[in-house]
Amino acid sequence: MTNQASIYERAHECAEAIRKSVPELPKTAVVLGSGLGKLVEDYPDRLAIPYADLPHFPKPTVEGHAGNMVFVATPKVRAIFLQGRFHYYEGHELESVTFPIRVLQCLGVKTLILTAATGGIRPSHYPGMLVCLSDHINMLGVNPLRGPYDSKLGIRFPDMTSVYCSKLQSLAHDEAHRQRLPLAAGVYACLPGPSYETPSEIRMLRTLGADVVGMSTVPEAIVARHAGMDVLGFALVTNAAAGISENPISHEEVLEAGKEATPKLGKLIDGVIRRLDSSE
Ligand code: HPA
């Protein structure tokens with residue numbers, strides 16, 4: 001372990017390998033959550049690099065996560081899409097979970113859009129609803145920034161007052177309104193999984209101020225803020241959280257709801273990126 005290259009060195013090496021294949025790199029990136037991977041396939045001009053071909057990238061294991069870094073370059077939309085992410089519940093350390101974000105940092109990405117399948121805790125956050133994240137609660141019991149301090153990655157004690165950029169939230173709500181797409185606002189609670197929550201845990205999360213619950217997003221958001229990126233988060237409510245409805249929760253249901261909602265989330269993200277590029 002002692003001789004292992006630092007996170008920065010590994011991310012930098014990975015970024016350099018990417019630069020060789022992609023000369024012009026976008027400043028915006030999107031992480032696609034469970035069941036949402038197909039969102040990128042609507043773009044005609046794209047180059048996909050399998051994670052397996054990227055130096056130091058962890059190996060994805062979970063169903064519904066393809067594992068490609070996809071570069072989209074249309075006249076109006078230029079972005080890097082991460083098709084598939086790494087989860088803590090798979091056994092990955094948070095350093096691996098957030099490694100792709102460090103690579104994006106080394107590639108010069110300035111805006112990160114995170115997407116995730118979630119359980120809805122409030123009745124207003126019903127299955128099929130899209131939620132723009134206003135804040136999060138880290139219930140993992142660990143922080144992705146724990147470890148030796150490396151000033152090349154960011155400061156030691158980063159502020160997390162505004163993890164989700166308020167300007168980007170306003171832009172997202174405005175764009176959703178323009179598209180006549182219902183978009184709620186909400187707080188995301190991140191639990192380790194892989195078991196879904198008990199009804200008592202969901203009641204606790206509701207008391208704590210959470211609106212949606214999931215098993216991802218938060219480590220990536222923390223690292224992206226640490227890296228100085230502007231972060232926007234979209235949660236798709238794929239199911240009512242445990243105890244909110246009588247029905248048991250299944251991964252198949254989550255993936256299916258993800259697939260169903262992919263076109264509308266895709267259109268919203270596309271609209272946001274178009275407006276981002278034109279305001280840059
Ligand atoms: N709980 C946690 N993670 C999830 C859920 C849920 O109900 N649905 C989709 N991801």
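This chain uses plain numbering: 1 for the first residue, then up along the sequence. Just so it is clear, the values below take in all heavy atoms, side chains as well, and ignore hydrogens, waters and symmetry mates. All ligand and atom numbering here is 1-based and tracks the order in the structure.
When ring centroids are compared, His92 and Phe99 stay outside the 6.0 Å threshold.
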Criterion side chain to side chain contact (heavy atoms under 4.5 Å, CB included) on Leu232 and Val272, from CA distance to verdict:
CA-CA 10 Å; Leu232 179 64; Val272 167; 3.9 Å; yes

Output, in order, the C-alpha distance, side-chain angles, deciding distance and verdict of ring pair (Phe, Tyr, Trp, His ring centres under 6.0 Å) for Tyr43 and Phe81.
CA-CA 11 Å; Tyr43 292 106; Phe81 288 80; 5.6 Å; yes

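Short contacts between ligand 1 and Asn239, defined as distances under 4.0 Å to a heavy atom of the residue, involve ligand atoms 5 (C), 6 (C), 7 (O), 8 (N), 9 (C). Contact atoms of ligand 1 toward Gly214: 2 (C), 3 (N) (distance under 4.0 Å to a heavy atom of the residue). Near Met215, meaning under 4.0 Å from any of its heavy atoms, are these atoms of ligand 1: 2 (C), 3 (N). Of all atoms in ligand 1, listed by their number and element, those nearer than 4.0 Å to a heavy atom of Glu197 are 1 (N), 2 (C), 6 (C), 7 (O).
Contact annotation: for Thr238 versus ligand 1, heavy atoms closer than 4.0 Å belong to the side chain alone. Residue contacts with ligand 1 for Thr118 involve N, CA, C or O but no side-chain atom from C-beta outward (heavy atoms, distance under 4.0 Å).
Taking 4.0 Å as the cut-off between side-chain N and carboxylate O, Arg178 and Asp174 do not count as a salt-bridged pair.
Taking atom 5 (C) of ligand 1 as the reference point, the nearest protein heavy-atom neighbour is Gly119 N, 3.4 Å.
In this structure, of Ala240, Ala117, Ala235, Pro192, the residue bringing a heavy atom nearest to atom 10 (N) of ligand 1 is Ala117.
Ring pair Tyr51/Phe86 is tilted by interplanar angle, where 30° to 60° counts as tilted.
Screening Leu133, Leu114, Ile121 for a side chain to side chain contact (heavy atoms under 4.5 Å, CB included) with Tyr188, the sole residue that qualifies is Leu133.
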